[in-house]
Amino acid sequence: MKYDVFISYSTKDKAIADVVCNTLENNGIHCWIAPRNIQPGKPYAREIINGIASSKALLLIYTSNSNSAEHVINEVDAAFNAKKTIIPFLVEDVTMNPELVYYLARKHWLVAYPDYKQKLEVLVDTICNILCIPKKVVVNDEDGVKEPVGENE
């Protein structure tokens, strides 16, 4: 597996997806996210399927936009059929459409509203625990700045 997490989101929520992706990657979680990981000249749908196949889990950034996005539903379906771990990250309190309920009703959802940024550390911990990824240790220096501690020490 090349990636830890495939990030599924509505393009209308790209700003949220970018914050989540940056947070995860800053904590040592390798992410696949469109359009960044789509290779130019390749069929878009095939690249999405390859991204899901090369990831251990799918992280669904759930909003009213993703709830109605056909591509998001297709990605969840592909991950479900590939027996990938699916982690719903609920950014908005929206009733889930029946198609997503079919795939996610028995999953524990990480509720992240009203302010998803306050739940990013919990999301990192959750993914690290589910995928058995060692969590980076963070320490404070004398200026109060957080620095990751890792292999470069």
Side-chain angles (χ1 to χ4, degrees), residues 1-38 44-45 47-140 144-149:
M1 301 250 162
K2 189 175 180 182
Y3 299 96
D4 298 314
V5 175
F6 177 99
I7 299 176
S8 178
Y9 68 99
S10 166
T11 55
K12 294 176 183 174
D13 299 317
K14 182 164 179 19
I16 295 170
D18 286 342
V19 169
V20 169
C21 183
N22 288 336
T23 300
L24 296 178
E25 289 182 335
N26 286 339
N27 283 278
I29 299 168
H30 303 299
C31 298
W32 193 104
I33 188 168
R36 179 188 76 184
N37 293 101
I38 301 285
Y44 198 88
E47 288 292 285
I48 293 292
I49 294 301
N50 289 342
I52 292 168
S54 66
S55 299
K56 297 174 188 172
L58 179 136
L59 171 64
L60 170 62
I61 298 178
Y62 180 77
T63 65
S64 57
N65 296 320
S66 62
N67 190 45
S68 60
E70 288 295 321
H71 291 289
V72 169
I73 295 167
N74 291 341
E75 291 165 359
V76 170
D77 176 69
F80 179 86
N81 289 325
K83 298 185 180 0
K84 302 292 180 174
T85 299
I86 301 173
I87 304 163
F89 186 62
L90 280 65
V91 175
E92 293 179 12
D93 185 10
V94 178
T95 302
M96 199 168 276
N97 80 52
E99 291 174 88
L100 287 174
V101 167
Y102 175 84
Y103 298 110
L104 303 174
R106 295 178 47 198
K107 304 285 182 199
H108 184 71
W109 305 347
L110 178 51
V111 176
Y113 53 82
D115 183 2
Y116 77 93
K117 290 180 181 178
Q118 292 181 354
K119 294 291 185 175
L120 290 174
E121 187 173 342
V122 174
L123 179 61
V124 168
D125 289 342
T126 299
I127 292 171
C128 287
N129 288 335
I130 289 173
L131 300 181
C132 300
I133 299 169
K135 188 168 185 251
K136 286 188 174 183
V137 177
V138 177
V139 296
N140 289 321
V145 177
K146 291 187 175 184
E147 295 286 336
V149 176

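This chain uses plain numbering: 1 for the first residue, then up along the sequence.
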(message) So for atom OH, which belongs to Y102, do other residues, nucleotides or ligands contribute more than 12 heavy atoms lying within a distance under 6.0 Å?
(response) no
(message) Could you check whether R36 pairs with E25 (Lys NZ or Arg NE/NH1/NH2 to Asp/Glu carboxylate O, under 4.0 Å)?
(response) yes
(message) Working note: E121 + V124, criterion side-chain contact (heavy atoms from CB on, under 4.5 Å); need CA distance, chi angles, decisive distance, verdict.
(response) CA-CA 5 Å; E121 187 173 342; V124 168; 5.6 Å; no
(message) Testing I127, T126, I133 one by one against I130 for a side chain to side chain contact (heavy atoms under 4.5 Å, CB included), which residue passes?
(response) T126
(message) Would you say that I7 contacts V5 through its side chain, given a criterion of any heavy-atom pair below 4.5 Å between the two side chains?
(response) yes
(request) Spell out, as yes or no, whether a donor-acceptor pair under 3.5 Å connects the side chain of D13 to the backbone of I16. (result) no
(message) Taking the side chain as everything from C-beta on, heavy atoms only, tell me whether I48 gets closer than 4.5 Å to I38.
(response) yes
(request) Please check if the side chain of N81 supplies one atom and the backbone of D77 the other of a donor-acceptor pair under 3.5 Å. (result) yes
(request) Under the side-chain hydrogen bond (donor to acceptor under 3.5 Å, both in side chains) rule, what do S64 and E92 come out as? Steps first, then yes or no, please. (result) CA-CA 7 Å; S64 57; E92 293 179 12; 3.0 Å; yes
(message) Less than 4.5 Å apart, side chain to side chain, heavy atoms only: is that true for L59 and L123?
(response) yes
(request) Check step by step if side-chain contact (heavy atoms from CB on, under 4.5 Å) holds for V19 and L120. (result) CA-CA 9 Å; V19 169; L120 290 174; 3.9 Å; yes
(message) Restricting to non-hydrogen atoms, name the atom on I61 and the atom on A17 that form the minimum distance, rounded to 0.1 Å.
(response) CD1-CA, 3.6 Å
(request) Determine, stepwise, if the pair L104 / L60 fulfils side-chain contact (heavy atoms from CB on, under 4.5 Å). (result) CA-CA 10 Å; L104 303 174; L60 170 62; 3.5 Å; yes
(request) With the side chain counted from C-beta on, respond yes when W109 and M96 share a heavy-atom pair under 4.5 Å apart, and no when they do not. (result) yes
(message) Within the 4.5 Å heavy-atom criterion, are Y62 and V94 side-chain neighbours or not?
(response) yes
(request) Kindly indicate whether the side chain of D125, heavy atoms from C-beta on, has any atom under 4.5 Å from the side chain of K135. (result) yes
(message) Would you say that K14 contacts Y9 through its side chain, given a criterion of any heavy-atom pair below 4.5 Å between the two side chains?
(response) yes
(message) Measuring only between side-chain heavy atoms, which start at C-beta, is C128 closer than 4.5 Å to I29?
(response) yes
(request) Could you please spell out the steps behind the side-chain contact (heavy atoms from CB on, under 4.5 Å) verdict for Y116 and L110? (result) CA-CA 10 Å; Y116 77 93; L110 178 51; over 6 Å; no
(request) Look at the rings of F6 and W32 and say which category their plane angle falls in: under 30° parallel, 30 to 60° tilted, over 60° perpendicular. (result) parallel
